[in-house]
Every structure is written in structure tokens, then in C-alpha cells.
Amino acid sequence: MATAAITPADCRCEDRVDPLGIDAREPRLSWECAGSGRDLRQRAYHIQVAADAAFATPLWDSGRVESRASAHIRYAGAALASHQRAYWRVRLWDQDDRVSAWGATATFAIGVLDQAEWTAQWAGLTSGFQCSMAPRFRRRFRTAAAPVDARLYATARGTFTAMINGALVSDEQLAPGWTDYAQRLYYRCYDVTRLVTGGDNVLGATVSGGWYNGAIGWTGVNRHYGDRQQLLMMLRLEYADGRVETVATDDQWKLAHGPVQQTSLLYGEHYDATVDDPAWCTPRGTEVGWSPVQVQPLAAKPLLQAHPSEPIRRTQEVAPIAITARRPGVWLVDFGQNLAGRVRLTMRVPAGQVVRLRHAEILDPQGDVYVDNLRTAVSVDVYVAKGGGETFEPEFTFHGFRYAEVSGLPTAPAVADVRAIVLGSDTRRVGEVTTSDELVNQIYANTLWTQRANFIEIPTDCPQRDERMGWTGDAQAFIRTATCSMDVAAFFRKWLIDLADTQGADGAVANVAPQVEKVMGGTGAKGDAAWGDAATICPWTCWQVYGDRDVLERSYPMMRRWAEYLHTESRHHLRRADDRRYCCFGDWLSVDAYTSRDIIMSAFYAHSTLLVAKAAEVLGHADDQRRMRERHARIVAAFRRAFIRADGAVLADDQEEVSQTAQILALHFDLVDEGQRAAVFAKLVADIDRRGGKLSTGFVGLPYLLPVLSRHGRGDLCVRLLKNEEYPGWGYSIRNGATTVWERWNGWTKENGPGDPGMNSYSHYAYGACCEWLFTDLAGIDLIEPGFAVARVRPRVGLGLDRAAASYRSVRGLIRSAWSTKDGQVDLAVTIPPNVDAEIWVPCRDPASLREGGAAVPKAEMVDGWAKVRVGSGDYRFTAAFEAKRAVAG
Ligand code: BGC
């Protein structure tokens, strides 16, 4: 029998490749259908999961399952025990019922399912140890033979790096990351089989305060979650004869100061290599001068769970583009790119030499590092050399910077000796977009760099100043854009747990997640409009983009309780700012425009209520669905009565003039009566025109600005706004040297230099939310059904750009759209992966001109200046005559 036209590829478990130490009892399996050809579909699948790579010990055999589903298939085999290693593979039947070979074997390993299985105790600092240092913990142990399987489960109250016999157990950074440590702590699992030997071994870790007890936020408050660092490790050794031993943190562990004299995520690190003992974590290392740890038994709280997302890693090295002498002994290194991470410096200096690194995003007018906008986050790393040639890279801190000032070297550092090390949650790249316009391309590049600089364990506002918190408003504004470039499924699943952990008894989520009330001083506990609405917008976006029903199901209680909270805070179906018992950011950082808080609060009240209704529908909660729908209808009616004037202006009593954001929210959230839509939209366009083609939107309105313009036929205005090089606009920052997205449109100007240092980040992704439009509208790749089961490619052409191309690797495979125009002809190339159905919309003036691969397209349906074609998988090449004006209106 002929083999199938599709084969399984890119197998993932819980949205990750071969994850180790997961705690899902029924892990969800996903794959892509690979194959090239038209109309390829998966008709059925067959999954096998076994305890061995030869599949001799089956755990689950799904048998043939008639289904097109290829993502998030729940394991339904024998109960999985802790530590179980599993091997899995899948084969597929195609549309013609031909079966593929088995796909490549993928794996997962279960972690510690039951908290009671932790045989470890917390090993902590005793009172003689400074929390701001990063002390070392170690334990010597002996094995009779080398194990056949060794796995280390580790977490800390603090951040740690673990070693066995002098070798790092992994390349992860700042483990175990940031959660509300009072509620839950994530452990990581490492396969250390190759590191443990028969005979003497040493297991050790260095533990800094990190988010746990180091400074976070702007108040310098430390010890937010607790006092002294603690380490929890359990090394599970399995031998050839089946015997299992564990080495766990307990009172046998020893503690000593190491070379890290001072470290802080925000401020920097001071490392004294002269006091380092490189053998400290080997059997050769002495325990003279080491003291006993303080032990504490494990309690039921916090929960100990497997980390659900990608770890932080070094994701790139960036070489300097220039190194210049500033003063005798002081050099300025320019990496050419603003980023988050740290500097790695190789040097040859005498023992005891102090080398200092200062970091900055921009330079001051004299050409030196400008650090005022870092506020208290001084971002200085200090290294005391041991002599003889060495390399320094701090371990427990990171900075947001483009420039580093180096001092303490006898001669200028060579380019080969300095690197910027980019840090970030290691989410994989899934999308890119390019256009014929360099400025638009730079906006995208800046946005992607800003995403990478801020997706460090949680979505943060900024990576450089003393803030770096999980601001909910920024995250909800940017989430859809984030999904276009990186696979953030697991990343957001994790952060949505952080967000749910902030939810109070009244249903309010906080303005930042994880919650840091001591920093927020009582102002952050209750989420503001558009900030707290991350509780509904983010889970809904994950469901849409990834088709992940589980994330919706888990988030549903949070979504519903948030909507109920808004309801209890409402009056006559609207929310009013004067009722507020919490802070209200309004359209944060908007430009010369005021949008009534009543309008923002009520619009998001409507939107969140609608999203809960939709989620209830997906999940089958019929009562909730009905109740939320009815409530939504009442809110919309009240909104229209209260805020939408006969002439289309969306105004409240405290708002005298039309604002772009008010018009946009009313349109984007469908709060406008169909008959009034054109009038409301006209007011938006009039305001943009009045400002000479400029925007005025802040964080709240900006994400929807381009989609609203485009979907009402004014894609030309989107391109005009993107290409605008004057204040306020993206082009203005780029003309002024931006390589990341700025927090403020006027963060730096030729006339005045840096803006208000009190709040002026050069790496803030909220305004990068425009990039969603480049994918979904300009290149036109969007979803119709969740998880791109049904996709749409509907590019906007003829808007003043000659071409655009995007590729996006959805959970079901790679989708491409590339168009160019010439002499009134559009040329559109589209790739649809197997097992995906799609609508392709070709801008087309004259149906007779439409060709695909040179042939007529009889099945095309003409809709309002587009030729709409339904297709299955394949590579398509359309050409058509289009009318620029017509396409503008499309
Ligand atoms: C942050 C923002 C955040 C805002 C709340 C700022 O300090 O940097 O991005 O959303 O506060 O208004």
C-alpha cells in the first residue's frame, strides 16, 4: 500500500519538546503534519506511548482514532508514576486513508507528582550569612557504581545554579524563576546521569536572593517573600540492578561563602575571584571553614510543582560594533543593540585588579553612559581578578543595555574579548515579517528585541530600571503580537497561574503578577481597567492562537470571577471612575488627548463580560453563557445611551473632545450600533487628520488602532502612521536611534536629550503591539478557528508598500503569505500546511484577471473587491488585477 502523503513532525508534549520533569498526570501531545501537496489532511492518528525506546513496554496505545485533531491530545493510558520516562510516537492516515510510518520517537519524563514524595528538607542560610551574597551549598556522597539514570529535582527560595562534580547541571539561568513564593514554588528537573560517577561525588549549588529576598520594584524593598535563601534538592539515582537511592538536602549539607560578595537582580553583582575555590564542588574540595546549614521541614504550603514553561537561557551573543576610549582607563563598548542580559568579559590582569562594568541604554550628551533612567538600579558589575587570564560573566543579575562602560583594564578590551549575552525565557521563534519599507521592518525588529528583553520568566514592563514587574496591562496589550514571533504557549500558561494567584476573595486580580504588594503599597491589589482585564484577554488569546482548551478551562474560574468583580463594581450597567477604590491609569501615556476613565472602564467591562460568555460557550457552561450574554447586552445598551452621541462622538461628561482611544474602544469592542458605525469611525479618522496624520493613543487604545483602521477600509492610514517619522510615532524613536520600543514616544529628542528620568524606559513593548497588524492584516495571516485549524490569508495590498511577506509557524504548521504589486497586478504566494483549511482572499478588481499557477480559478467567490477561495494545504501562487483605491478600501 502506498505510504501516506503526510508524516508527523515536531512532536511536543505540554507545548514543549521532550520535556523533563512535568507534573501533568495526563500530558497533552501535539504534532505537525508534514508534507507538501494540495489538500493533504489527517484522517486518523495512532499514538503509542511506552516505558522504553523499543516500545516493548506499552503504557498507552490509542489505536486508530478517526480525527483531524493534532494538538493537545490527552494521554489516556496507564497511570503515570513519578519519575516515569515515556517514549512516544504517532502515525497518521492521510485523506486517502494511507498510513504513514511512525514518526520520530519523542519523550517526556514525569517529575514528582505528590508533594509527600519529596524526601528533602529545606537547607538554608544560618544567621551568619549575608543574604545579598550568594553562598554555596554542598554535600559529598558516595555511590557503589555509576547510576544508569540520575535526575536532579531542584528549587530554591532564591535563584540557584547547581553543580555535580564541578560541572554545571544545565545551562538554565535564574532558576527556578519567579512565582508568588508563598503560594507555589516550581522545581526544575535535570538529567545528570553523565555527571554522577561510581565512587565519591559532590552535589552543590550557589543560591542568590533573586526575586525571593532581593530587591524588586522601585522601593528597594527586599525580603518580599521571605528572609534567608533556602535550597531544596533531591537527586534520584537509579542503578542497573533497579535499586534507587536519593541524595537530598538535609542537615548533612554544608554552607560557605563563595566569590559572590554582593548580588541583586536589579543592581548588579560583585564577584571576587581571589576568594574562589574552583574545586569547591568536587570531591577534592575542602570542607574546612564550611558550616552546617539550617534545616526546615517541608510544609504543605507553598505547593511544589514542576515548572510549566521554558527556562531562562542565554539565547544569543552580541559582539560590539565599537569600543572607544573615554578617559584614561575607561572604555565604552557599543553593542549596537539595546537588549537584556549581561556582559561577558575576558581579560588578562594582575590578581586583585578591580574591573568595573556599568550598563546603559543610551549615552548622555557628553557621550558617556546615561544611567538616570535606571533610577536606583545602578547596574554595576564589579570583578576582582584572580590573575593569569580569566573570563567574567555575572550569574545572578541582568541589565537592560546597549552600552557598557569598562574600567580597570590596563589596555582597551579587544572586540573578541567582550560579548553581550542575551538572556530570556527560551521561547522558540515561530514568525517573522518583512516589507518593502525599511522603517516598518525596523519597527518590527525593535519590537522583537523588546519582547526578548522582557520575556524573562514573566512578561515584564521593562528590563532595566528598578521595576521589571509583570504589569498586566502591558501584557494584555502585547500578547497577540508576542504570539506572532515566538511560541509563548507555555510561557503564558505559566504566567496565567501567576495572575490567578493574585486574585482576591472579591475576584479582583492585581495590576502586576506575581503580586508584590509591599512594592505597590496597597495600590496594586485591584486590577485597573485594561490591566486587570488581562484575566480574560490573555486566556482567550491563548485559546484562540493555540487552540488550547485546557488553558481556557484552567483560567475560566479566574475569568469568571474577574467578570463578576467588575459587575459588583458597576452601577446601572456601567463602571464609573468616581466609584473606584483603586488606582486608575486611564489611557496610559496617551499624547495630548484625554479619554474618560468611565469610557475605558465600561468598555473593558463589556469586553471582559463578552469574553467570559464566549469562554463559557466553548466550555459548555450554558448558564454562565446566558447570564454573561444578557449582561453584556445590557452593558452595550447602557454604553450607547451614556457615551455615544448622535454624531458618532464617544464622549463622557469629563471628556470634552473626541479621543482616538474612545472611538477605537467603542468600535473594536463592538459597542456601536451598526447604523452608527460609519459616523463613529469618521470621528476617529477626523481626529487623526486633525493631528496631521498622527496618533494620540496610549497603552489602552494603541493595540486596536491599526486593526480598527484596517478593518474599516483605511489600511492606508495604518501605513501612514507606521511610516510617520515625526513625534509621536514609532518612526520618531527610530530616527532618534531606537533599537527597541520606547516607553514614551519622546523618550529622547535632539532638542532635549533624554526624557523625564523618573519614568523613561527604552525597552517597553506596549507600543510594539502594532506588530500584530503586520501579521494579521498587512501579510494577512490570521485564524478563523482556534489553533489555526481554519486559517485566513487576507493581505492588505496597495497601501503605499510594494511588498510584504510573513511566515508563521502555527501549532498546525507553517503558514506563509508573500505579496508584491506591480503595474496594478498583485502577486500573492501562500503556503498552507497539511491538515489546515484556509480561506485565501486575493485583492481583485476583475474576476477574469484572477489566476492561480497561471490557470483560471473557477471556484473563486467575489466579495467586495476580493476573490475569496477556499483551499486545503499546498503552495499557491495567485495573480490578479487590483485597483489600488479599491484595495485601500478593503
Ligand atoms: C510601568 C507600566 C505600567 C504602568 C502602570 C509603569 O511604571 O512601567 O508599563 O503599565 O506603570 O500604569
Quiz item: cation-pi between Arg744 and Trp742, 6.0 Å / 45°:
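Verdict for Trp742: no cation-pi partner in Arg744.
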Do any N or O atoms from the side chain of [X] and from the backbone of [Y] form a donor-acceptor pair under 3.5 angstrom?
{"X": "Ser425", "Y": "Thr427", "result": "no"}
{"X": "Ser602", "Y": "Arg575", "result": "yes"}
{"X": "Gln663", "Y": "Lys683", "result": "no"}
{"X": "Ser817", "Y": "Ala779", "result": "yes"}
{"X": "Tyr704", "Y": "Thr661", "result": "no"}

Begin from the C-alpha positions of Glu674 and Arg677 and carry the test salt bridge (charged side-chain N to carboxylate O under 4.0 Å, His left out) through to its verdict.
CA-CA 5 Å; Glu674 248 349 276; Arg677 205 165 246 288; 3.4 Å; yes
Regarding Asn338 and Thr740, is there a side-chain donor-to-acceptor distance under 3.5 Å anywhere?
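Yes.
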Is a side-chain donor-acceptor pair under 3.5 Å present for Thr879 with Asp827?
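Side chains of Asp827 and Thr879: no pair found under 3.5 Å.
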Does CZ in Arg493 sit with more than 12 non-hydrogen atoms of other residues, nucleotides or ligands closer than 6.0 Å?
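Yes - once you tally the heavy atoms of other residues, nucleotides and ligands closer than 6.0 Å, there are more than 12.
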In terms of heavy-atom contacts, does CZ of Arg877 have more than 12 from other residues, nucleotides or ligands at under 6.0 Å?
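No.
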In the structure I gave you, are the side-chain heavy atoms of Arg645 and Val650 within less than 4.5 Å of one another anywhere?
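Not touching, per the 4.5 Å side-chain cut-off.
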For Val672 versus Ala666, what's the shortest heavy-atom pair and its separation?
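Closest heavy-atom pair between Val672 and Ala666: CG2-O, 3.4 Å.
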